Colleague: 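To start, I am sharing the structure in question, which I have written as structure tokens.
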Amino acid sequence: MNDSSARDKWSGRMAFVMAAAASAVGLGNIWRFPYLAAKYGGGIFLFVYVALAVTIGFTLMTVEIAIGRRTKLSPLDAYKSIAPKWQIIGWLGMAVPALIIAYYSVIGGWIVKFLAFYAKRLLEASPCPVTVAESKALFSDFTGGGSLQPLACSAVFAFCTAVLVLLGVRRGIEKSNKIAMPLLLVLCVAVAAMSLCQPGAAEGLAYYLKPDFSKFSWKTVVWALGQMFFSLSLAMGIMVTYGSYMRKEDSIPKCVFRIEFFDALVAFLAGLMIIPPVFTFLGEEGLKSEGPGLMFISLPGVFGKMTLFGASIGDVAGLLFFALAFFAALTSSVSIMETVVSSLRDRLGLGRTAAGMIVTIYMFVTLVPNSLCFANGGVFSCEILPGMRLLDFCDFAANNIFMPLCAFLTCVFAGWCIGPNWIVREIGIREGRFRLARPFAFMVKYAAPAAIALIFTFYILKELKIVEM
Ligand code: PFF
């Protein structure tokens with residue numbers, strides 16, 4: 001089906017690095033990394049995270065990109081074209097984005113709502129800063145109130161994603177990344193600077209960066225591993241797809257290190273933005289929330305307390321923060337949609353517009369129940385599994401079941417079916433000789449699958465409430 005000569009291509013190495021980094025930098029960096037770092041040992045967590053990223057993360061990302069580049073196919077067909085029996089990996093690699101796409105726009109919609117909220121406050125020059133109680137009420141009324149507003153906001157986010165994907169790899173994804181990524185970095189630095197200017201920031205900073213060995217345990221390693229896979233967008237088919245657009249003359253290992261550097265940098269900056277002011281204004285207790293609770297409830301209250309030269313800067317900080325969260329989420333969402341679109345194109349021989357329209361319809365249809373599942377007492381509010389509404393269920397299935405399974409099988413496939421030399425040869429096209437070939441082979445055959453099996457086991461034990469994490 002696939003005509004590789006007509007395949008989209010990045011315009012250069014930086015375009016690829018930027019696109020992959022844009023996918024990697026997402027909500028995981030913002031609402032999860034700082035929380036995990038605070039909980040599992042500060043500096044020691046950072047160290048473990050980086051060590052895992054440059055070993056196991058490097059290995060899996062290299063494998064995925066090499067498979068994409070060599071086959072010039074997206075996940076669904078890439079694995080099939082190499083070994084038909086292993087096409088299950090392609091299906092798993094498709095299931096993750098298909099599940100994520102079904103709810104990611106809902107969260108994007110919440111960001112749109114808070115962005116509009118801060119913009120309105122600034123325009124009206126609202127005198128009273130936002131408190132935690134107000135942000136809590138705003139968030140729960142918005143998501144649980146049963147109005148169509150969350151749906152409308154999610155539709156705005158989904159629409160932006162669809163437009164960029166429909167415009168194509170160069171006109172849509174590359175061009176938007178060129179604006180979004182530098183802006184995102186500038187915004188991160190600006191908000192981090194505001195946070196670090198607050199009284200008591202030094203103690204918060206020490207709490208974040210000082211290694212606390214009393215909090216170090218096997219849990220530090222398990223959470224750092226899980227976070228790393230999610231944050232680097234691994235086992236979601238994204239890197240296979242983006243790798244399939246990569247030019248042969250670009251070095252895969254060099255690109256992988258750059259992507260990892262960028263992703264870790266934003267996660268680190270997110271810690272600087274969030275941990276010191278939360279620690280100052282809400283204490284250690286405040287650092288116990290993550291995800292939506294941190295982003296939409298605690299943080300607006302914390303911003304509300306921020307001042308500079310005696311004047312409140314809460315609304316400016318809030319606007320900048322939600323703008324950066326919007327860019328981070330949008331570029332990740334684009335990568336996930338592109339993966340599904342690309343797989344449909346390869347499998348069905350469709351053009352970008354036709355495949356893009358099918359996925360857009362799917363995205364809009366699935367966002368209705370996912371968005372309305374928070375409406376208290378609404379038709380979609382039932383629990384799919386105990387304590388899990390539809391959105392939580394999709395998130396759980398994608399990230400705790402399909403993703404580790406896909407990651408594990410990818411390693412077994414690369415290490416034992418095609419063998420590490422297959423990947424090494426693809427790297428060697430540009431590199432001549434891949435100097436890290438031996439450690440890479442060890443990683444892909446033993447260390448990476450063992451590490452993935454470990455986190456998978458812990459996810460299951462945690463869900464069965466056998467271990468406390
Ligand atoms: N790397 C992303 C993050 O850290 O948020 C993971 C991701 C999630 C990528 C959802 C794409 C996506 F649509």
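When a ligand or atom number is given, it counts from 1 through the structure's own listing order. Since the model is a prediction, treat every value here as computed from it, not as a measurement.
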Colleague: Which heavy-atom pair separates A180 from T331 by the least distance, and what is that distance?
Modeller: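 Looks like CB-CG2, 4.1 Å.
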Colleague: Return the minimal non-hydrogen interatomic distance between Y104 and S332, and the atom names on each side.
Modeller: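 It is OH-CB, 3.7 Å.
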Colleague: Short question: side chain of R352, backbone of V165 - any donor-acceptor pair under 3.5 Å?
Modeller: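 At least one qualifying donor-acceptor pair exists.
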Colleague: Listing request: all side chain to side chain donor-acceptor pair (under 3.5 Å) pairs with a residue in residues 163-186, at least two apart in sequence or in separate chains.
Modeller: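 Qualifying pairs, neighbours excluded: S11-E174.
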Colleague: Please tabulate, one line per pair, the protein N or O atoms found under 3.5 Å from any N or O atom of ligand 1, giving the distance to one decimal.
Modeller:
residue, atom, partner, partner atom, Å
ligand 1, 1 (N), S23, O, 3.3
ligand 1, 1 (N), A24, O, 2.8
ligand 1, 1 (N), F230, O, 3.0
ligand 1, 1 (N), S231, O, 2.9
ligand 1, 1 (N), S233, OG, 3.1
ligand 1, 4 (O), A24, O, 3.2
ligand 1, 4 (O), G28, N, 3.4
ligand 1, 4 (O), N29, OD1, 3.3
ligand 1, 5 (O), L27, N, 3.0
ligand 1, 5 (O), G28, N, 2.9

Colleague: Examine the side chains of S233 and Y242 and answer whether a donor and an acceptor come within less than 3.5 Å of each other.
Modeller: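 Note: S233 and Y242 side chains miss the donor-acceptor criterion.
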Colleague: Within the distance-only criterion (no hydrogens, no angle test), does the side chain of S23 pair as donor or acceptor with the backbone N or O of A19 below 3.5 angstrom?
Modeller: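 Such a contact is absent between S23 side chain and A19 backbone.
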